[in-house]
Amino acid sequence: MNLSNPSALVQKLWNYCNILRDDGLSYGDYVEQLTFLLFLKMADEQAKPPFNKPSAVPTGYDWPSLMAKDGDELETHYRHVLETLGKRTGMLGVIFRKAQNKIQDPAKLRRLIVDLIDKEQWSSLSADVKGDAYEGLLQKNAEDVKGGAGQYFTPRPLIAAMVDVVAPQPGQAICDPACGTGGFLLAAHDYLAKHHALDRAQKKKLKTGTFFGIELVDSVTRLCAMNLLLHGIGGESDTEMPVVTKDALAGKHGEYEIVLANPPFGKKSSVTIVNEAGEQSKESLIINRDDFWASTSNKQLNFLQHIFTILKQHGRAAVVLPDNVLFEGGAGETIRRELLKQADVHTLLRLPTGIFYAQGVKANVLFFDRKPAQEKPHTTKLWIYDLRTNLHFTLKENTLKRSDLDDFVACYNPKNRHQRKESERFKSFTYEELTKRDKVNLDIFWLKDEALEESANLPAPEIIAQEITDDLEAALEQFAAIAEDLKG
């Protein structure tokens, strides 16, 4: 079978997943088990000729030790391997932390090891093939609505367009403080590799020292580290860690030239408190940081403030944010005022609905550059591109493609964004116009919604039904959050 084709590889790996599904294994569990086994197999390959690299995996807990066992003995040993490696530092610790065996049938585990993974020479496959195959698995996992993994997955065409307009340069440090499975970091890596003839030192820097990912959840960090590793980013040693597990909002974790992010949707940061009587209550986590403009429990507003703090002077950010960040009063207004003053907030892309796995999300991409302190506001003009009005996308039939963003990229004019022309979907608003608006509301539209104008222009019934469902689900979520607050 020709496995130089990523989709053939995904199909092969995926077919086996269907066998394990019968044993109650979720897609997410399967991708995780594949991650453990692929890592061990590749470490084993790297230790042999022609690579001859010293392996970070201790003898007795390596790939040959798994190949040598069968039956219950294999299952017991595999559990022991996961537990032991999870206590190590560096990349081993990141990949195996809190790892558990989810494949209870030893015969199926043996088949996965011997027939599926051992048959391939993964190290000799190009990074594109391995990496694209793993990305394919992550995409399939995101599509599994029940697993909820979609929240970690930003549509790849959107990521590609964001990276194209930000146009990273070699040597710039790039951070994603909510990195999920690493989509932004990989797209930036691809962009740099394709658009620049890199010398040896630059290639080395691309492998370690360019990309910095922060992720809150161990099991997602694991997928991200593996995804980056398969694409040739990061290494086995402690010093080469491109991604770490921690709460990005807890404090500053560095300064970077570029920040690309899609912070998690979900209105509030909260913690569940159980009192002596065993009653549960949720308390909003209001984040107080000296380097923030306002204290709030709204997670997206906190991420927006956090991203400003981790940008170097003249550093550039592109961040996916829900509509509420554009219009919410109180802390929201304070943050928008300060951002317009202290950064050059130059572009806002209004995204269409139906492109995220999380239902009912109305989102935007905000582009801004951090500037040195001065009296005069740094924002002179905010350019808004409306990719939402009269556009209807779905996750299955009419998916967002990179070509749907071509006009936005052309209007943005990455070569010289100071030379732009207005068009039907692209308009500019001066700093004075923005600050005169009630609460500095940036939720601005000007195109007529054709569906409101005449019934002949209505989208297909299934799209209308989906949009109504999305709106209701979003409203229900907000009511649930209010109800929780009132209880507390």
Side-chain angles (χ1 to χ4, degrees), residues 13 16-17 20 23-26 28-48 51-123 130 134 137-138 181-182 208 213 215-230 233-246:
L13 294 170
Y16 196 72
C17 177
L20 293 168
D23 294 358
L25 207 71
S26 74
D29 290 339
Y30 177 61
V31 174
E32 199 165 56
Q33 300 303 311
L34 270 182
T35 301
F36 303 145
L37 294 169
L38 269 178
F39 184 88
L40 292 171
K41 171 71 162 83
M42 283 172 59
D44 184 54
E45 290 171 0
Q46 296 280 327
K48 295 176 176 155
F51 308 103
N52 300 322
K53 285 184 184 169
S55 175
V57 182
T59 312
Y61 298 95
D62 50 8
W63 188 253
S65 77
L66 288 172
M67 289 290 291
K69 292 187 169 46
D70 208 338
D72 290 342
E73 201 189 348
L74 169 64
E75 204 266 334
T76 309
H77 179 61
Y78 180 47
R79 270 209 326 263
H80 197 47
V81 165
L82 296 180
E83 200 181 320
T84 307
L85 298 180
K87 295 185 178 124
R88 305 292 287 228
T89 55
M91 194 61 136
L92 275 178
V94 170
I95 298 274
F96 292 98
R97 187 169 298 132
K98 297 181 190 158
Q100 290 178 326
N101 172 29
K102 300 278 176 71
I103 304 171
Q104 305 309 332
D105 180 342
K108 286 181 179 161
L109 177 61
R110 171 87 184 152
R111 220 184 116 191
L112 182 59
I113 291 168
V114 177
D115 293 347
L116 197 66
I117 294 179
D118 195 61
K119 288 273 192 293
E120 297 307 324
Q121 274 296 41
W122 300 89
S123 298
K130 286 195 294 270
Y134 195 73
L137 287 176
L138 293 174
T181 52
T208 56
E215 172 51 50
L216 187 59
V217 183
D218 267 327
S219 56
V220 181
T221 307
R222 171 179 7 265
L223 298 178
C224 180
M226 191 65 187
N227 202 8
L228 296 175
L229 198 64
L230 290 172
I233 304 168
E236 310 276 315
S237 78
D238 296 8
T239 53
E240 301 175 309
M241 298 292 303
V243 55
V244 293
T245 302
K246 66 167 158 196

Check whether any side-chain heavy atom of Trp122 sits under 4.5 Å from a side-chain heavy atom of Leu230, and report yes or no. no
dist Leu109:CG -> Glu75:CD (nearest 0.5 Å) comes out at 7.5 Å
Run the side-chain hydrogen bond (donor to acceptor under 3.5 Å, both in side chains) test against Ser123 and tell me which residues pass, sequence neighbours left out. Glu45, Gln46
One should read off an interatomic distance between Lys41 NZ and Lys119 NZ, to the nearest 0.5 angstrom, of 10.5 Å
Let me confirm one number: the CG-CZ distance from Leu92 to Arg97, rounded to the nearest 0.5 Å. 11.0 Å
Only counting residues at least two apart or in another chain, list the ones meeting ring pair (Phe, Tyr, Trp, His ring centres under 6.0 Å) with Phe96. Phe36, Phe39
Qualifying residue, where the test is side-chain contact (heavy atoms from CB on, under 4.5 Å) with Leu223 and the options are Leu137, Leu138, Leu228: Leu138
Heavy-atom pair with the smallest gap, counting every atom of Asn101 and Ile103: OD1-N, 2.8 Å
Within the structure provided, determine whether Val31 and Tyr134 are in side-chain contact (heavy-atom separation under 4.5 Å). yes
Under a 3.5 Å cutoff, is there a donor and acceptor pairing between the side chains of Thr245 and Asp218? yes
Any side-chain heavy atom of Gln33 sitting closer than 4.5 Å to one from Tyr78? yes
Hey, mind stepping through Lys87 and Glu83 against side chain to side chain contact (heavy atoms under 4.5 Å, CB included) and telling me if it holds? CA-CA 7 Å; Lys87 295 185 178 124; Glu83 200 181 320; 3.7 Å; yes
Enter the distance from Asn227:CG to Lys130:NZ here, rounded to the nearest 0.5 Å. 12.5 Å
Set of residues satisfying side-chain hydrogen bond (donor to acceptor under 3.5 Å, both in side chains) with respect to Ser65, sequence neighbours excluded: His77
Summary of side-chain hydrogen bond (donor to acceptor under 3.5 Å, both in side chains) pairs that have at least one residue in residues 104-117, sequence neighbours excluded: Asp23-Lys108
Under the rule for side-chain hydrogen bond (donor to acceptor under 3.5 Å, both in side chains), what residues qualify as partners of Tyr30, not counting sequence neighbours? none
Side chain to side chain, Asp29 and Leu20, heavy atoms closer than 4.5 Å: no
What are the two closest heavy atoms between Thr208 and Gly234, and how far apart are they? CG2-CA, 4.2 Å
Please test Leu74 against Leu66 for side chain to side chain contact (heavy atoms under 4.5 Å, CB included), starting from the C-alpha separation and ending with a verdict. CA-CA 7 Å; Leu74 169 64; Leu66 288 172; 4.1 Å; yes
Heavy atoms only: give me the nearest Pro106-Gly71 pair and the separation to one decimal. CB-O, 3.3 Å
Are Gln100 and Lys102 side-chain neighbours, meaning at least one heavy-atom pair lies under 4.5 Å? yes
Could you tell me the separation between the CZ atom of Arg222 and the OG1 atom of Thr35, rounded to the nearest 0.5 Å? 8.0 Å
Taken to the nearest 0.5 Å, the spacing of Thr89 OG1 from Met241 CE works out to 9.0 Å
Evaluate the side-chain proximity of Leu116 to Leu37: yes if any heavy-atom separation is below 4.5 Å, no if none is. no
Answer whether the closest heavy-atom distance between the side chains of Leu34 and Ile117 falls below 4.5 Å. yes
Give the minimum heavy-atom separation between Ala225 and Met91, together with the two atoms involved. O-CE, 3.8 Å
Under 3.5 Å: donor-acceptor pair, side chain of Asp62, backbone of Val57: no
Under the ring pair (Phe, Tyr, Trp, His ring centres under 6.0 Å) rule, collect the residues that match up with Tyr16, sequence neighbours excluded. none
